[in-house]
There are 2 protein chains.
Amino acid sequence: MKPATLKEIATTLGLSISTVSKALKDYPDVSKKTKKLVKELAETLNYRPNASAVNLRTKESKTIGLVIPEVVHHFFSSVIKGIISEAEDKGYLVIILQSNESFELEKKQIELLINKQVDGILISLANGTYDFSHLKAVMNQGITLVMFDKIAKIVDCSKVIIDDQMAAFDATQHLIDTGCKRIAHFRGPLTPQNSIDRFLGYKKALLHNQIPYDPSLVYILDAMSFEEGQHFTKELLKDHDDIDGIFINTDLVAIGSITELNKRNIKIPEQISIIGFSNWFMSSVISPTLSTVNQPGHLMGKKSFKLLYKEIKKRKEGKKIKFKNVELKTDIILRDSTKKI
Amino acid sequence: MKPATLKEIATTLGLSISTVSKALKDYPDVSKKTKKLVKELAETLNYRPNASAVNLRTKESKTIGLVIPEVVHHFFSSVIKGIISEAEDKGYLVIILQSNESFELEKKQIELLINKQVDGILISLANGTYDFSHLKAVMNQGITLVMFDKIAKIVDCSKVIIDDQMAAFDATQHLIDTGCKRIAHFRGPLTPQNSIDRFLGYKKALLHNQIPYDPSLVYILDAMSFEEGQHFTKELLKDHDDIDGIFINTDLVAIGSITELNKRNIKIPEQISIIGFSNWFMSSVISPTLSTVNQPGHLMGKKSFKLLYKEIKKRKEGKKIKFKNVELKTDIILRDSTKKI
DNA sequence: GTTTTTACCGAAAACGTTTTCGATAAACTT
DNA sequence: AAGTTTATCGAAAACGTTTTCGGTAAAAAC
């Protein structure tokens with residue numbers, strides 16, 4: 001019933017604990033005969049080294065922590081998948097915690113992970129996070145930290161993000177390439193970096209094509225919900241009757257917009273083209289299907305873990321770590337809500 | 001840089017390790033003065049007990065393992081969320097692993113968790129799992145096991161599942177209650193238990209209302225995709241012109257069906273009512289919004305962890321454990337694709 | 001036959017806790 | 001004043017590893 005230990009193997013075999021330990025790890029100073037003996041008994045006893053004891057001795061837990069704002073979210077679950085698969089590859093396990101977009105909870109989760117002596121932490125910040133001392137505490141404890149997606153530039157560590165500005169540029173450019181001349185933008189709140197960057201990409205694309213930037217075409221949303229998509233589409237149609245394209249900050253809002261346009265029998269993309277952002281699953285299912293920017297969550301997870309892994313390794317070897325900023329390229333998924341080229 | 005230890009606190013304060021340990025845990029045989037001293041120093045040094053050392057001493061890792069077929073899935077991510085939040089409440093951390101619906105991988109993940117000496121394991125089986133010796137190994141190692149969602153009746157442990165048959169009964173009953181008389185059913189493949197149970201619930205509801213069961217109204221799908229939803233709707237309309245309701249095995253297919261009906265300008269729910277299963281997010285966003293059966297993933301996660309927790313506790317206290325079978329009640333989400341009562 | 005090498009093994013410390021069991025001194029009893 | 005209680009602390013073992021450093025015997029070398 002109780003798991004077997006080195007001691008058990010040692011005593012039943014009339015050996016010392018050290019010899020058993022070394023036999024199992026193929027040390028050269030153990031004879032082949034005893035190695036065989038030890039390994040066989042270990043097999044039949046179903047011996048597994050006690051992880052806590054190993055960690056205590058070797059100082060590494062082979063475990064990392066992951067803190068995200070919300071598990072039930074297509075993008076984040078893709079990230080999780082990427083991280084888990086990559087971590088498994090390197091023999092690491094992943095403890096997942098959720099901040100629920102709350103700063104307080106985020107702090108608490110970080111605390112838990114530090115207590116657990118994880119070898120590293122991957123984090124995507126909660127919206128509410130305004131102070132970063134808890135993250136500095138992580139670094140101070142000698143734990144490697146890598147931020148992804150929702151980051152804070154001020155924290156000194158490696159980061160993996162999406163090149164939001166370029167993605168937004170490309171999306172807007174695609175609208176222009178397919179003939180749109182009056183392009184509106186539904187943007188997110190003023191503070192989050194990605195909402196800013198997407199707006200800047202939109203603006204840059206206009207200017208790059210000698211299309212005048214008209215601030216009245218930019219609508220600032222708050223909740224980023226389906227309902228807001230409907231509402232601001234109504235507003236937009238009321239304010240401007242010459243719109244032929246909308247670049248929308250996120251797919252859910254875009255779907256709200258499409259629903260509203262459908263209701264009014266406005267033809268997509270013949271009259272108005274729509275392009276979204278994130279490539280939610282339902283975007284391929286709505287009618288018409290939604291062209292959008294694909295956020296490579298899986299890749300982001302993989303990259304983030306790889307970075308973390310490298311830094312953990314370097315730290316162990318006592319080498320210096322130079323923090324990196326990785327910007328992932330996005331790609332555009334062309335569907336039926338924009339015209340073909 | 002290095003995390004503080006009891007020893008450090010002890011030496012700088014001129015105390016013994018034991019006293020420091022006891023001071024931090026408010027043992028009665030430590031004076032208030034030294035307690036204060038110790039706690040203050042611990043605070044400033046940012047002392048955290050080394051989890052590995054504690055585990056080694058106390059035999060519990062305060063960590064559980066979770067093995068699921070696929071992370072990127074709305075239902076499973078809800079389950080994950082439920083488990084994590086409940087676990088956090090009890091001071092447990094959750095290590096998540098993925099089987100990718102592969103039996104081999106599932107075995108490997110279980111191995112990893114056993115090595116890690118988790119206190120318990122929660123698992124939803126991969127489709128490919130045909131042998132259960134790896135799960136018996138878990139029990140033999142003294143690790144508590146609870147299965148949920150996709151279970152194997154043959155394995156002797158507690159289980160948490162959804163009452164698919166009753167859910168399907170209720171869904172069909174709702175169609176009948178709102179006036180449907182000729183109700184079709186799009187079912188899943190022949191083998192999975194839930195697909196069987198949902199079919200049986202459908203059939204039972206018909207008989208319960210003296211509606212004759214007509215096998216030609218039951219369509220067996222395979223991929224359970226959006227496209228199949230469209231395809232079989234066409235078939236259904238071709239075969240039967242008197243249909244006034246469809247109970248569909250899963251929301252994605254239902255959305256395919258709605259799309260097809262919309263295209264043909266068949267009014268939902270006036271001409272045909274639709275009810276789905278699973279309550280995917282997009283069901284609240286499609287037009288018309290889809291009535292469906294809500295699978296309480298979050299609740300299932302919570303319940304599963306609670307069960308696991310109780311059994312871990314009992315095992316620790318040396319008490320006997322009586323395995324339970326929990327069947328979770330589903331509820332129907334009424335939206336616009338079915339008529340109001 | 002003595003020395004040197006080689007092959008094999010074990011003792012012991014260390015990782016950071018928790019907890020039992022004394023030990024000491026001060027404070028009470030009577 | 002002697003015994004008894006109370007308050008406060010520390011020594012030490014234990015949890016299960018890993019790894020260094022010797023130690024012994026057999027084999028090899030001279």
Side-chain angles (χ1 to χ4, degrees), chain A residues 1-39 41-42 45-63 114-119 141-143 316, chain B residues 1-39 41-42 45-63 91 114-119 141-142 316:
Chain A
M1 202 70 189
K2 288 269 146 200
T5 68
L6 289 183
K7 201 197 225 173
E8 271 181 49
I9 299 181
T11 51
T12 65
L13 243 46
L15 290 168
S16 77
I17 296 178
S18 2
T19 308
V20 174
S21 172
K22 286 189 283 191
L24 289 172
K25 319 185 91 192
D26 271 326
Y27 270 54
D29 63 342
V30 177
S31 73
K32 289 191 176 177
K33 212 171 59 181
T34 55
K35 273 183 189 171
K36 189 158 170 280
L37 242 55
V38 169
K39 285 181 180 175
L41 185 56
L45 288 184
N46 208 10
Y47 168 78
R48 313 260 166 247
N50 180 309
S52 300
V54 175
N55 300 344
L56 184 57
R57 197 35 236 243
T58 63
K59 296 284 179 199
E60 35 174 18
S61 62
K62 289 281 183 184
T63 304
I114 294 179
N115 287 16
K116 193 72 185 184
Q117 334 279 119
V118 292
D119 296 339
Q141 293 274 332
I143 298 175
K316 212 174 66 181
Chain B
M1 200 69 191
K2 288 271 146 199
T5 68
L6 289 184
K7 203 198 225 170
E8 272 181 48
I9 299 180
T11 51
T12 65
L13 243 46
L15 289 168
S16 77
I17 296 179
S18 0
T19 308
V20 175
S21 172
K22 286 188 284 191
L24 288 172
K25 318 186 93 192
D26 271 326
Y27 270 55
D29 63 342
V30 177
S31 73
K32 288 190 178 177
K33 213 170 59 181
T34 55
K35 272 184 190 172
K36 189 158 171 278
L37 243 56
V38 169
K39 283 180 180 175
L41 185 56
L45 288 183
N46 209 8
Y47 168 79
R48 315 261 164 246
N50 180 309
S52 300
V54 176
N55 300 344
L56 185 57
R57 192 42 233 238
T58 63
K59 295 288 181 197
E60 37 176 14
S61 62
K62 288 280 182 185
T63 304
I114 294 178
N115 287 13
K116 193 73 184 184
Q117 338 272 124
V118 292
D119 295 339
Q141 292 276 330
K316 211 174 67 181

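Per chain, numbering begins at 1; letters A, B, ... match sequence-line order. Quick note: numbers below take in every heavy atom, side chains included, and nothing from hydrogens, waters or symmetry partners.
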Any Lys59(B) side-chain nitrogen or oxygen under 4.0 Å from OP1 or OP2 of dG16(D):
yes

Check whether any side-chain nitrogen or oxygen of Tyr47(B) sits under 4.0 Å from OP1 or OP2 of dT17(C), and answer yes or no.
yes

Residue closer to the 5' end of DNA chain D, Pro28(B) versus Thr58(B) (nearest nucleotide):
Pro28(B)

Please report, rounded to the nearest Å, how far the P atom of dG16(D) is from the CG atom of Leu45(A).
14 Å

Does Ser21(A) use its side chain to pair, donor to acceptor, with the backbone of Ile17(A) at less than 3.5 Å?
no

How close or far is atom P of dT20(D) from atom CD1 of Ile17(A), stated in whole angstroms?
18 Å

Heavy atoms from C-beta onward define the side chain here; which of dG16(C), dC9(D), dC21(D) lies closest to that of Thr5(B)?
dG16(C)

Rounded to whole Å, CG of Asn55(A) lies from P of dC15(D) at a distance of 18 Å

Looking at Thr19(A), does any N or O in its side chain come under 4.0 Å of the phosphate oxygens OP1/OP2 on dC9(C)?
no

Think Ser31(B) has a side-chain N or O under 4.0 angstrom from the OP1 or OP2 of dC9(D)?
yes

Taking 4.0 Å as the cut-off, does a side-chain nitrogen or oxygen of Lys32(B) come that near to OP1 or OP2 on dA7(D)?
no

List the steps, then state whether side-chain contact (heavy atoms from CB on, under 4.5 Å) holds for Val38(B) with Leu24(B).
CA-CA 7 Å; Val38(B) 169; Leu24(B) 288 172; 3.8 Å; yes

Whole Å only: how far is the CD atom of Glu60(B) from the P atom of dC15(D)?
16 Å

Over all strands shown, is Lys25(B) touching base, sugar-phosphate only, or nothing at heavy-atom distances under 4.0 angstrom?
sugar-phosphate

Here the distance between atom P of dT19(D) and atom CG of Leu56(A), to the nearest Å, is 13 Å

Rounded interatomic separation in angstrom, taking NZ from Lys36(B) and P from dT8(D):
16 Å

Has Ser18(B) got a side-chain N or O lying under 4.0 Å from the OP1 or OP2 atom of dG10(D)?
no

Between Asp29(B) and Asn50(B), which residue's closest nucleotide on DNA chain C lies nearer the 5′ terminus?
Asn50(B)

So, Asp119(B) side chain and Lys62(B) main chain: donor-acceptor pair closer than 3.5 Å or not?
yes

Round to the nearest Å and state the distance from Gln117(B) atom CD to dC15(D) atom P.
14 Å

Given 3.5 Å as the limit, does a donor-acceptor pair link the side chain of Lys59(A) with the main chain of Lys316(A), or not?
no

Most 5' of Ser52(A) and Lys22(B) on DNA chain D, judged by nearest nucleotide
Lys22(B)

For Tyr27(A) and dG22(D), give me the distance from atom OH to atom P, rounded to whole Å.
17 Å

Is there a donor-acceptor pair under 3.5 Å between the side chain of Thr63(A) and the backbone N or O of Ser61(A)?
yes

Identify whether any heavy atom of Thr34(B) sits under 4.0 Å from a base atom; if not, whether one sits that close to sugar-phosphate; answer base, sugar-phosphate or nothing.
sugar-phosphate

